[in-house]
Amino acid sequence: MSASSDVRVRFAPSPTGPLHMGGVRTALYNYLFARRHGGKFLLRIEDTDQKRFVPGAEDYILEALNWCGLKVDEGVGASGDLGPYRQSERTAIYAQHIGSLMESGWAYKAFDAAEEMEALRKSAEAEGRVWQYDASTRMGMRNSLTLSPQEVASLEAEGVPAVIRFRMPEEPRDVVIDDLVRGKVQISTRVLDDKVLMKADGLPTYHFANVVDDHLMAISHVIRGEEWLPSAPLHALLYEAFGWTAPRFAHLPLILKPTGNGKLSKRDGDQGGFPVFPLEWKDPATGHASSGYRESGYLPEAFTNMLLLLGWNPGNEQEVFRLADAVEAFDLDRVVKSGARFNPDKAKWFNEQHLRSLPLDAVAAQLHATQPTGLNWDLQACHDVADMMLERVSFLSEVWEARWLFERPKSLDAKLVRKRWKADTDELIDGLMEQLDALESFDSASIETAFKAYLEDRGVGFGSVLLPFRILLTGEGGGPSMFAFAAFIGKEETRQRVTAGKSLVQSMQSE
RNA sequence: GGCCCGUUCGUCUAGGGGUUAGGACGCCAGGUUUUCAUCCUGGUAGCAGGGGUUCAAAUCCCCUACGGGCUACCA
C-alpha cells in the first residue's frame, strides 16, 4: 500500500433524493478510513442523470453529513484544487477523455435504437439465450465499427442519436480485482458487455465519469457498496485503457431489511416503524414526508455508532464508539463480507448508551432547546429534569411525552387507584401533606427526611403512602424519585396536585 | 436465465484445523431500588445440508441448497 499520507477517498452520491442510511454508512467508512490514515475525505456529486435529479437533494446530503459529524475535506461543500466536484460541471473533461478512448480504439460510436436492441434481447430470451451488446454481436449492429466513416458522418449530420460504447477485448481474458474486503474476484471479459460510456444526451454514464474523476482527483481507495462489485472489472479495464493505475477497491456488504427479503430500500422506513434516512425528508414533488433519525430523537453519534457496527467490528468486545474513538479503531480489514440485516432494537440501545454518557449540562441544554413552545423552562429546570429522567428514556424526546412533568395530570391510572387506595389512604396523605406544609426548605432531601419521619411516626410502610403520593402527583405508577419531583414542582404545585388528585380519586370511586 | 458475492444463536458478530463455539441486542429469571428505569448476576438460543482431506473440521476442498447483488443511454 502507498504511504498513508497519500490516502484520498471519496463519497460520491447522486442527488436523486435523500441519502439513506446505507449511503451514510458508506460515507462513514470512507471518512473513518481517511482519518485513520491521515488522508483526505472528498465529496463528489454524481449528477449525470438529469431525469432523476431532485432539487434539494444535494443540500440534504450536505446537511446529513454535517449532522453526522463527517467533515468533508475537499469537494462539494468544501474547497479543493481538483474540481469542479459536481459531475454536471465536468462535461468538457469527459468529452476530452472519451475522445482519447475513441482514438485508441477502446471506444466506438453506436447508433442502434433502444427498441431494436430490446427486440433482439426478447427473441434471444425466447430461445433461452442471452443477448448483449458485446464482442460477439457488435459486428452485426450499426456502429462506427461496422459503418464506413462516410455513413457515420451522414448519420451524425442527420442527428441520429448515438452513444459511445466501451469496446470489450475480442480475445476473452480474466480480469482480477483484488478487493480489500473480499480478496481476489475474477471475471471473464466474455460475460461483460460493451457498456455505454457516453449517453445520447452527451453526458457520461456512472462508469465512465467515475473512473475519469477518481483518477483526476487522485483517489487512492474506492470504498463503495457491494452493488458495484459486478462492474468493477469494467472499471479496471477502463483504467487500463487509459493507461492509468487503478485505485484499490473495497466493496462493502449491503444493509438488508430487518424482515423480509432484499436490501434496505428507501421505502422500508415508515412502514417498519423506523427511519431509513438520517434527516427528515419532504418529497418536493409529492409533499410526502419520511422520518429521519435526527427528528426521531437520535443522537448523531449513536446513529453513526449503530451504522459503524453494521458490517464492521473492532475484533474485541467494544461496541460503544464515539466518532473519534472509531477513527482510532477502524480499518478495512475488519469489514465483514456478508450483508447485515438492520435491527431497530439495537439502534435504540445505541442511543441509550450515548444518551447516558452525556454530561447533564449537555442534556439540559438539549432539553432547553427542544422544549415545547409555551413552556419556557430555564436551564436549571432542564437540568433538574435531565437528572430525574435521563436513565428512564431511550430518546430525549420522550421527556416531553411525560406531560406530568409540566402539567397537572387530568386522569389517574384507574387500575392502580383501585388496587392501591385503601380505607386509610386519604387520611395518610392528608397527614403527610401537613408535614410537608410545615417544611421550610422544600428540597428533595428535606422532603425525604420529613417523609420518612412521618412513616416512622405513623408506623406504616413506604408503599402505602409513597405510591398513592406518586399517583396523585403524576397519575402513573412509575417514574423518578418523588422527593426530587415534589421539590421540582414546588410546595404549592405539590399541594394543588394532591388536592386535585384526591378529588379525581373520589369521582373514580363513586362510579 | 447468465455472472458475481455470501451463509456461526431470532438479529449484529468473534472465532480461520484441537475452544465447555465467546460477546452484544432481544427475550426470560433473580438481585439492587420507595415505584419505574438504570445497574449487577444468571438463563435462553447457533456453526445451512451432503461429501471429501485429516489422528482431529465451524475452520481447508468439492457439490447442493438458501440468501444477496448485478444483468439500463440509473447510479
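Chain A is the first sequence line, chain B the second, and so forth, proteins listed ahead of strands; every chain is numbered from 1.
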Can you identify which nucleotide, out of U13(B), A24(B), A75(B), has its nearest atom closest to the Ala340(A) side chain?
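Minimum distance to the Ala340(A) side chain belongs to U13(B).
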
Which one, U13(B), A75(B), C73(B), comes nearest to the side chain of Arg165(A)?
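For the Arg165(A) side chain, the nearest candidate turns out to be C73(B).
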
Whole angstroms only, please: what is the [atom1]-[atom2] distance between [X] and [N]?
X         : N      : atom1 : atom2 : value
Lys337(A) : C12(B) : NZ    : C1'   : 17 Å
Trp131(A) : C3(B)  : CH2   : C1'   : 17 Å
Phe166(A) : C73(B) : CZ    : P     : 16 Å
Glu391(A) : C40(B) : CD    : P     : 11 Å
Trp349(A) : U11(B) : CH2   : P     : 19 Å
Glu317(A) : G23(B) : CD    : P     : 7 Å
Asp134(A) : C3(B)  : CG    : P     : 14 Å
Glu319(A) : G22(B) : CD    : P     : 16 Å

Quick check on contacts: within residues 442-454 of chain A, what sits under 4.0 Å from RNA chain B by heavy-atom distance?
none

Run the salt bridge (Lys or Arg N to Asp or Glu O under 4.0 Å) test on Lys122(A) and Glu118(A) for me, step by step, so that the C-alpha distance in whole Å, both residues' side-chain angles and the decisive distance to 0.1 Å come before the verdict.
CA-CA 6 Å; Lys122(A) 279 262 164 57; Glu118(A) 195 46 43; 3.7 Å; yes

I'd like to know if [X] and [Y] make a salt bridge, using a cut-off of under 4.0 Å between side-chain N and carboxylate O.
X         : Y         : value
Asp214(A) : Arg10(A)  : yes
Lys51(A)  : Asp49(A)  : yes
Lys263(A) : Glu226(A) : no
Glu170(A) : Arg167(A) : yes
Lys346(A) : Glu319(A) : yes

Categorize [X] for me: base, sugar-phosphate, or nothing, with a 4.0 angstrom heavy-atom threshold over every strand shown.
X         : value
Pro480(A) : base
Val185(A) : sugar-phosphate
Asp413(A) : nothing
Val336(A) : sugar-phosphate
Arg470(A) : base
Gln186(A) : sugar-phosphate
Gly311(A) : sugar-phosphate
Ser481(A) : base
Gly463(A) : nothing

Any side-chain N or O of [X] under 4.0 Å from OP1/OP2 of [N]?
X         : N      : result
Arg334(A) : G15(B) : yes
Lys51(A)  : C74(B) : yes
Asn313(A) : A14(B) : yes
Thr205(A) : A75(B) : no

Same-atom distance ([atom1]) from [N] to [M], integer angstrom:
N      : M      : atom1 : result
G15(B) : C27(B) : C1'   : 25 Å
U64(B) : C4(B)  : P     : 13 Å
G46(B) : C63(B) : C1'   : 24 Å
C55(B) : A48(B) : P     : 25 Å
C25(B) : C40(B) : P     : 9 Å
U7(B)  : G16(B) : C1'   : 15 Å
C74(B) : C60(B) : C1'   : 41 Å
A58(B) : C9(B)  : P     : 15 Å

Checking ring-ring contact (aromatic ring centres under 6.0 Å, His included) between Tyr29(A) and each of Trp312(A), Phe11(A), Phe330(A), which is the one that passes?
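Single pass found, and it is Phe330(A).
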
Name of the residue among Phe350(A), Tyr298(A), Phe274(A) meeting ring-ring contact (aromatic ring centres under 6.0 Å, His included) with Tyr293(A)
Tyr298(A)

Treat primed atoms plus P, OP1 and OP2 as sugar-phosphate and everything else as base, then score nucleotides 62-72 of chain B 5' to 3': B for base contact with protein heavy atoms under 4.0 Å, S for sugar-phosphate contact only, - for none.
-----SSBS-S

Residues Arg129(A), Glu125(A); criterion salt bridge (Lys or Arg N to Asp or Glu O under 4.0 Å); working and verdict
CA-CA 5 Å; Arg129(A) 290 183 299 109; Glu125(A) 201 177 313; over 6 Å; no

Apply salt bridge (Lys or Arg N to Asp or Glu O under 4.0 Å) to the pair Asp179(A) and Arg248(A), showing each step before the final yes or no.
CA-CA 7 Å; Asp179(A) 190 275; Arg248(A) 299 300 309 270; over 6 Å; no

Both distances under 3.5 Å, Watson-Crick or G-U wobble: report the partner of [N], or none.
N      : value
A21(B) : none
C27(B) : G43(B)
U54(B) : none
U7(B)  : A65(B)

More than 12 heavy atoms of other residues, nucleotides or ligands under 6.0 Å from CD of Glu171(A): is that the case?
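No, not enclosed.
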
Of Ala162(A) and Leu467(A), whose nearest nucleotide on RNA chain B comes first from the 5' end?
Leu467(A)

With nearest nucleotide decided by heavy atoms, which residue, Pro13(A) or Gly477(A), maps closer to the 5′ end of RNA chain B?
Gly477(A)

Could you tell me whether a side-chain N or O of Lys422(A) sits under 3.5 Å from a main-chain N or O of Lys419(A), the two making a donor and an acceptor?
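At least one qualifying donor-acceptor pair exists.
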
For the side chain of Arg138(A) and the backbone of Met168(A), is there at least one donor-acceptor N/O pair under 3.5 Å apart?
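At least one qualifying donor-acceptor pair exists.
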
